[in-house]
Structure formats: structure tokens, C-alpha cells
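Here is how names work: the chains are called A, B, and so on, in the same order as the sequence lines, proteins then strands, and each is numbered from 1.
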Amino acid sequence: MKPTPVLELAAVAIQRADEEELLLENIHWRVEPGDWWVIAGGHGSGKSMLLQSLAGLIPLAQGTLSVFGESYSATERRPTGWRQRVGLVFESGGRLLRELTVAENIALPVGYHRNCSPAAALETVLPLIQALDLERLADAPAGRIGRAWAQRVALARALALGPELLLLDNPLTGMDQNHLRWWRQFLPQLRAGHPVLGGRGLTLIVTTDNLRSWLGAERQFAVVHHRQLRPVGFQNQLEAAASEYSDWLQPD
Amino acid sequence: MPNPFRGFQRLTEVIGLRVLSFLDTTRRLGAFTLIIVGVIFTKFGASRQVIRPLILSQVVGSGVRLLPIVGFIGVALGFVIIGQTLRLLSQVGQSQLMGSLFVTVLFRELAPLTAALVVLARVGTPTVVELGTSRALGEVEALEALGIDPIQYLVVPRVLGITLSVFSLAVYLLLFALASGWLFTVVANLPVTGEDYWGQIARALRWEDFPLLGLKTLAFGAAGSLISCYQGLARPLRLEEVPEAATRTVAHSVIAFLCLDAVFLVINLLLPA
């Protein structure tokens, strides 16, 4: 029996709240458990909106979205039951709550959803803080740490509830080599099943401006262009059609 | 040929637009209030380990921290209104009116309004800035992405905390005013005994004054906090729009306080003397 897809989009369209024109339309896409998709697109192409829509933050303009087998259409109220099974890391510093410390940011979803005290929530997320090398910053106010570290804290916060699907919006933007190296090592571990998540593998969807930074055999690629999401396939298929996708295969 | 009524047309246009804008804001504020009330009831007790400390922290920020300044205002009002008036009334042999004066001016009017204005100035404006900045920086979406209800996390603690604070501060302000008024009579050696002073105030108070004081201060607190949260959170803001929203909050809150004051004045007039 085929496993239930993590995501299934049928004729989905997305638009900005203040605009009449569709940003993306007619998206047909299926994401299976354990997939790692990398989506490229230009600035303002709608890839961030697509991720936010998948996370349930933006209503669909048209079509049907199924998340973990639970479907809803553009005319229905967005369900929230699967919110805790989907982690979203926003770009450019991850939108941390500036008033809280790094550790409090990470512990917040645990305390809120499991109704436990701040101390108990902090204890729960301690292994995550250690696994992401954030102990040194744990007590620092989130508003005062650098953007690359903030992005890592946002990853920890998104992982705090043990999601099954992780959405990362342009996570490598503006990072130095040390941070880039860390992310390139850590994300494959997450997908394969990191001990901090009990060894359970994750499904990953990443957006980027440049697919070359994300080349890898086990990853699938897609491109957002002319209001369409075009799934390309694995690396060999991408390389076979490299001239067609040269805009998103710039040298690193 | 120039239109002689052009100026009048322009004036009616401006007034009409203002009225429509006022009605639209009132409608949105009403909807926002209903959402908050809905969240308070439907999520009552949910995530209490996270929400309760936020409410307490808000009570500390908007209540306990303002106690010194409210105490100072209470003492000043006690000296100025009770003490000075009592001296004047004693000179003309009408010191028996002091109790009625205290209840009418301080208990029913000045204490609730002063407490609400102090909280608005010290907490309402920063609330708009905090929430407006959170919204502008996308923190509200971040909360939603984590499955955290932004109304429950950001608004409910502020509304409950500020509302409770206005009530408590008004009560403290009255106590400080009463004590300083009594102190003035002693220091100034006025011909009023303690029994007269406290007895007159007790006789001037009706039992309805106590629930009405509670209702009025709670209404002021709720109005100020709802308007602050609405201006900060309910509409998408850019960072440069945040200061303007803070200014708007003060104006709208003062208008709301005066409207509520008028409602309570009518209620007081309708009650038997």
C-alpha cells in the first residue's frame, strides 16, 4: 500500500492579500514522506508565499491542498490540526520573538502546546539546544544575536515540537562559510533521522535563489517561473536540462 | 463660473469622510473585541502555564510599577481637592458637604479617569509600539506558524492585565487621596474630627457606587487596552507607521473614556439620590 503523501496540491493557486492577480497558479505537486525538495525562483516569484501557504498561514486562492491526508480547499476554513506536524523556518533571521531569550524562543511552542512550565519546557528542549550548538547563546536576547545564529535558533524552534515536515525559506542567505558548512551537514542528518528527533527522518522542502548550492543525489528540484511550479526531478534530470534552468544554476 | 458652494461642499465631504471613518473604525474595533472575547472563553485555561505568567507580568508592568506615580497623584488630589475644599467649606460653615464632594468628584469621576489616563500614557502607547513592531517584523506570522494563537498569546494577557491594573490603581488612588485628605485636616488643624471626616464620606456613598466604580474602571481599562492592541495588531503596519498608530491610540482612547464617562454619568443621574 502506498504511504499517504505528506503534501498533495491539486490545481492550487496563491495570491497576495492585497492583489487581485494570482502569484502562482495551477500547481499540481505531490510530496512523499522522506522527500527532499529544493525549489528555486527569482525574487518575488512566490516561493516564500508557497511555503507559507503550505504551512497554513496563507489561504489558497484556488484548488485543494492535502496535508498528511487532511484536505481543504480554497473555500474552506484552514484546519490547524496539522500545524504542529509542520515546521517553518522563515528567511532572514527566522522572525524570532525579540523580547525572549534564545532558549525561551525555542521552548515557547513546547510550553504552549504541552501546557508545561517554562522550566520544564526549557528542560525538554535542552538536547535540541545542544545538538544545534546554541548553548553559548541560550540566555542571550533573541533580538541581539547575529542573523546567521538567529536562523539556526529559528530552525531549533521549528524542530521543538518534532515536526514531520520541515519548510525552510532560503535558509542559507547571507551566511559565512562556517555556518554554510554546518547547515550542509545538519540538514542531511535531519532528513536521515537525527538522534535529537528520536532518529525519525524528516521530509524537507527548501527554497533558494540558486539550485547549485543544494545539488545532491537524493534531492528533487523544482522551479517557480511564470506563475507556475515546475517540478524538474533529481539531479541527473536537472543536469540533463541544465541550459533550460541556467538562471537557477549560477556558480556558487 | 466659480461655484459659490464649493467651500461648503468640501466641508461636508470632509465631515462625511470623518464620520464614515469613525463608523468603520468602531465596526472593526467591535469585531476585534468579539474575537478577543471568543478567544478568552474558548481557550480559557488552555496553555495556562504560558499565558498566566504573561498576565501576571502585565499586571506588574501596568499596575504594580505605576503604583508610586498613582500614589503620588492620589496624595496630591487628597491635599488639593479634599484638604483645600474642606478648609474653604469650614470657613463658610458648610463642612458637612465634604463627603458629597469627595464622592462626586473623586470617587465617581477623577479616580477612574486619572488611573485610566496614567495607564494609557505609561502602558498603552508602548503596547502599540510593541505589537506594531511585532506585526511589522513578521513575529505574528511566526507565532501562527508554531500553532500559537497570536490573540491568546499577545492580546489576551495585555487586555486582562491592563483592565485589572486600571481597577486596582483607581482603588489605590482613592485610598491615598482619602488618607492625604485626612492628613491635611490634622496638619492644617481644621475643625473637623476624625469621626466627622470618615462619617461624612461613608454617609455620602451609596452601595451602588462600589459596583459602578468597579464597572467604570474595568470599562476604561478594557477600552484603553483594546484600542491599544487593535491599533498595534489588527491592521498590517509598516515600521514607520507605528508612531502614528501610537498617537491615534491616545486620541481614540481619550474619546472612548469620555464617552464611557458620559454613560456612567447618565446611570448615576438615573439612580435615586
Of the backbone (N, CA, C, O) and the side chain (C-beta and beyond), which part of A:L97 lies under 4.5 Å from a heavy atom of chain B, both, or neither? both
Should we say atom CZ of B:R248 is surrounded by more than 12 heavy atoms from elsewhere, each under 6.0 Å from it? yes
Please say whether more than 12 non-hydrogen atoms of neighbouring residues, nucleotides or ligands are located less than 6.0 Å from CZ in A:R200. yes
Flag, side chain of A:N115 to backbone of B:A46, donor-acceptor distance under 3.5 Å: no
Other residues, nucleotides, ligands: >12 heavy atoms within 6.0 Å of A:R30 CZ: yes
Would you find a donor on one side and an acceptor on the other, under 3.5 Å apart, between the side chain of A:H113 and the backbone of B:L146? yes
Name the option with the most non-hydrogen atom pairs under 4.5 Å to chain B; the candidates are A:L88, A:L96, A:V86, A:L167. A:L96
Heavy atoms of other groups near B:Y153 OH, more than 12 under 6.0 Å: yes
Under 3.5 Å donor-acceptor, A:Y112 side chain and B:G147 backbone: no
Quick one: what part of B:Q152 sits under 4.5 Å from any heavy atom of chain A, side chain, backbone, both or neither? side chain
Tell me, out of B:E139, B:E144, B:E130, who's got the most heavy-atom pairs with chain A below 4.5 Å. B:E139
For A:E20, I'd like to know if atom CD has over 12 heavy atoms of other residues, nucleotides or ligands within 6.0 Å. no
Based on non-hydrogen pairs under 4.5 Å, which of A:A158, A:A55, A:S117, A:A17 is most in contact with chain B? A:S117
For the CZ atom of A:R114 and the CD atom of B:Q49, what is their distance to the nearest 0.5 Å? 14.0 Å
Exam field: side chain A:R95 to backbone B:L143, donor-acceptor pair closer than 3.5 Å: no
Do B:I148 and A:L108 have side-chain heavy atoms sitting under 4.5 Å apart? yes
4.5 Å side-chain heavy-atom contact, A:E99 and B:S134: no
Give me the contact list for residues 9-20 of chain B versus chain A, heavy atoms only, anything under 4.5 Å, ordered by residue number. none
Is atom CD of A:E123 surrounded by more than 12 heavy atoms (other residues, nucleotides or ligands) closer than 6.0 Å? no
A:F90 atom CZ, over 12 foreign heavy atoms within 6.0 Å: yes
